[in-house]
Amino acid sequence: MRKLIYVKILCTILMIATSKNQVMAQSKTETLIEKQDNPSIFYKTIEIKGQVIFYREAGRLDKPVILFLHGFPSSSRMWQPLLEKLAMDYHVIAPDYIGFGHSSQPGPESFTYTFDNLAEYIGKFITQLSLEKFILVQQDYGGPIGMRIAEKYPEKVQAIIIQNAVSHKEGLSPLWETRKAFWADKEKYYEAVKKNFISLEATRQRHIGSTPAPERINPDTYIDEYLFLNKPGMADIQLNLFYDYQSNVKTYPKWQEWLKKHQPEMLVIWGKYDPSFTVAGAWKYKDDVPKAEVHIVDGGHFALDEAEPEILRLMQQFLKRVTIER
């Protein structure tokens with residue numbers, strides 16, 4: 001009898017210790033982020049509505065927050081160089097959307113791949129991380145997702161930084177004419193568009209564009225994306241989402257009105273060798289926000305491939321003005 005009592009006491013002690021360890025583990029990363037003087041990147045996950053969202057985070061919690069939203073077919077990895085360099089002065093966060101990077105990738109039969117739905121998950125991500133104020137950085141798909149976030153949480157958006165993300169029809173290059181055919185008849189063009197989407201040449205072209213110096217672009221970037229797109233089931237995930245891209249084009253006027261109404265602090269950085277998004281799309285932001293800064297750089301769709309030092313300098317100047325100097 002006495003032995004049984006001892007066993008019960010021991011089990012209780014172990015349960016208390018285990019519970020304490022779990023709490024300590026959960027808060028350990030936050031403590032490290034809070035205290036680090038030479039910030040490093042933390043690679044974390046949270047669960048939202050049964051899906052896992054992976055994200056990169058660095059910088060002290062009391063610093064201004066920058067939320068980085070990536071494009072297609074990349075992930076939060078595209079922002080890694082900027083996260084490392086900005087983390088000393090800012091609290092930087094970059095999530096992977098559902099279907100991208102290291103986040104959950106459920107098939108289209110069990111998950112609705114639309115920009116509305118991805119933005120809803122990012123909204124819940126923002127709520128779960130208790131982000132009260134942040135600067136949005138948007139590239140490519142990050143534009144339509146970011147603008148949906150801005151519409152829903154205008155009080156949280158301290159400023160917006162755009163890098164080759166379109167909110168005006170003038171920003172769509174002639175390449176979009178053939179893509180619109182897919183929107184008009186999904187079944188007819190599905191296989192053809194799918195073949196193009198997952199091809200190495202198309203993936204390479206997204207990075208190379210019309211740059212006069214393709215040798216400056218690390219082939220690892222597009223080879224890794226090519227392998228990602230050719231994972232089993234990934235092409236169908238991305239084709240379903242791309243079919244919904246037409247919802248963004250239809251919503252451009254609404255976003256333009258939002259920009260005109262709220263007049264956010266805005267920095268637009270545009271790679272001029274982008275085959276999909278024209279330089280005219282960069283300048284159109286000044287129609288909505290006249291005080292917006294617009295800079296055209298020697299880079300492509302993924303301008304960081306070629307113009308990282310210039311982009312970092314422009315961002316640091318802008319961020320200082322909208323945060324530290326206020």
Side-chain angles (χ1 to χ4, degrees), residues 19 22-23 25-30 33 41-58 61 65-79 83 91-157 160 165 186 228-229 231-248 250-251 254-255 258:
S19 177
Q22 287 175 342
V23 172
Q26 288 173 357
S27 62
K28 186 178 180 180
T29 301
E30 287 188 3
I33 290 174
I41 308 296
F42 289 86
Y43 306 94
K44 305 166 71 176
T45 60
I46 60 170
E47 185 173 326
I48 297 174
K49 294 173 61 177
Q51 305 295 339
V52 173
I53 290 185
F54 168 91
Y55 63 104
R56 300 162 198 259
E57 182 177 22
L61 302 181
V65 177
I66 309 176
L67 180 62
F68 291 81
L69 300 178
H70 67 80
F72 165 85
S74 50
S75 67
S76 60
R77 176 183 170 184
M78 70 171 285
W79 300 119
L83 301 181
H91 180 194
V92 295
I93 302 170
D96 290 346
Y97 314 135
I98 304 298
F100 290 78
H102 299 294
S103 290
S104 294
Q105 297 167 11
E109 70 283 350
S110 61
F111 186 86
T112 304
Y113 282 97
T114 63
F115 285 87
D116 280 346
N117 203 23
L118 293 190
E120 181 182 344
Y121 274 83
I122 294 300
K124 293 183 182 302
F125 171 83
I126 288 167
T127 299
Q128 199 156 320
L129 266 62
S130 301
L131 304 182
E132 296 303 321
K133 203 84 171 176
F134 48 81
I135 293 130
L136 275 173
V137 181
Q138 308 171 179
Q139 195 271 341
D140 188 45
Y141 278 13
I145 291 173
M147 289 308 300
R148 284 171 169 82
I149 295 299
E151 282 187 292
K152 188 170 183 179
Y153 306 105
E155 74 286 354
K156 293 180 179 288
V157 179
I160 297 176
K186 183 180 181 181
F228 164 74
L229 287 171
K231 290 172 58 176
M234 182 52 62
D236 291 320
I237 287 174
Q238 296 302 331
L239 260 291
N240 274 269
L241 184 58
F242 181 66
Y243 180 73
D244 186 62
Y245 197 93
Q246 59 187 297
S247 69
N248 301 327
K250 293 173 183 175
T251 314
K254 188 178 177 184
W255 297 339
W258 187 94

Write down the atom of Ser75, the atom of Gly101, and the distance for their closest heavy-atom approach. CB-CA, 3.7 Å
For the pair Tyr121 and Phe111, name the ring-plane relationship: parallel under 30°, tilted 30 to 60°, perpendicular over 60°. tilted
Start with the C-alpha gap between Ile66 and Phe134, add the side-chain angles, then the distance that decides, and say whether side chain to side chain contact (heavy atoms under 4.5 Å, CB included) holds. CA-CA 5 Å; Ile66 309 176; Phe134 48 81; over 6 Å; no
Does the Ser104 side chain pair with the main chain of Val52, one donor and one acceptor, at a distance under 3.5 Å? yes
Can the ring centres of Tyr141 and Tyr97 be said to be less than 6.0 Å apart? no
Which atom names give the shortest non-hydrogen contact between Val157 and Ala150, and what distance separates them? CG2-CA, 3.9 Å
Around Lys254, counting heavy atoms of other residues, nucleotides and ligands shown, do more than 12 lie under 6.0 Å from its NZ? no
Approximate separation, where rounding is to 0.5 Å, of Ile93 CD1 and Leu69 CG: 11.0 Å
Side-chain touch Val65/Leu129, heavy atoms, less than 4.5 angstrom: no
In the structure I gave you, are the side-chain heavy atoms of Glu151 and Trp255 within less than 4.5 Å of one another anywhere? yes
Leu131 versus Lys156: any side-chain heavy-atom pair under 4.5 Å? no
What distance do Gln105 atom CD and Gln51 atom CD have between them, rounded to the nearest 0.5 Å? 10.5 Å
Check: Leu61 and Glu57 side chains under 4.5 Å, non-hydrogen atoms: yes
Can you say whether the rings of Phe125 and Tyr55 are parallel (under 30°), tilted (30 to 60°) or perpendicular (over 60°)? perpendicular
Between CD1 of Ile126 and CD1 of Ile149, what distance do you get to the nearest 0.5 Å? 4.0 Å
Might you work through the side chain to side chain contact (heavy atoms under 4.5 Å, CB included) test for Met147 and Phe115, ending with a clear yes or no? CA-CA 11 Å; Met147 289 308 300; Phe115 285 87; over 6 Å; no
If you round to the nearest 0.5 Å, how far is CG of Asn117 from NZ of Lys49? 6.0 Å
Going from CG on Asp116 to CD1 on Ile145, what distance comes out if it is rounded to the nearest 0.5 angstrom? 10.0 Å
Would you check if Pro106 and Ile98 make a side-chain contact, meaning some heavy-atom pair closer than 4.5 Å? yes
Determine the minimum heavy-atom distance between Gly143 and Ala165, stating which atoms define it. CA-CB, 3.7 Å
Between OH of Tyr153 and NZ of Lys133, what distance do you get to the nearest 0.5 Å? 14.5 Å
With a 4.5 Å limit on heavy-atom distance, are the side chains of Trp79 and Val137 in contact? yes
Does Asn240 reach the main-chain N or O of Tyr113 with its side chain, forming a donor-acceptor pair under 3.5 Å? no
Test item: Lys44 side-chain N/O and Ile53 main-chain N/O as donor-acceptor pair under 3.5 Å: no
Do Phe100 and Pro95 come within less than 4.5 Å of each other through their side chains, counting heavy atoms only? no
Side-chain touch Glu120/Thr114, heavy atoms, less than 4.5 angstrom: no
Using a cut-off of 6.0 Å, state whether more than 12 heavy atoms not belonging to Lys124 lie near its atom NZ. no
Give the minimum heavy-atom separation between Gly99 and Gln238, together with the two atoms involved. O-NE2, 3.3 Å
Give the C-alpha distance, both sets of side-chain angles, the deciding distance and a yes or no for side chain to side chain contact (heavy atoms under 4.5 Å, CB included) between Arg56 and Phe42. CA-CA 6 Å; Arg56 300 162 198 259; Phe42 289 86; over 6 Å; no
Looking at Asp96 and His102, would you say the former's side chain and the latter's main chain have a donor-acceptor pair under 3.5 Å? yes
Kindly indicate, with the supporting measurements, whether the criterion side chain to side chain contact (heavy atoms under 4.5 Å, CB included) is fulfilled by Thr251 and Trp258. CA-CA 11 Å; Thr251 314; Trp258 187 94; over 6 Å; no
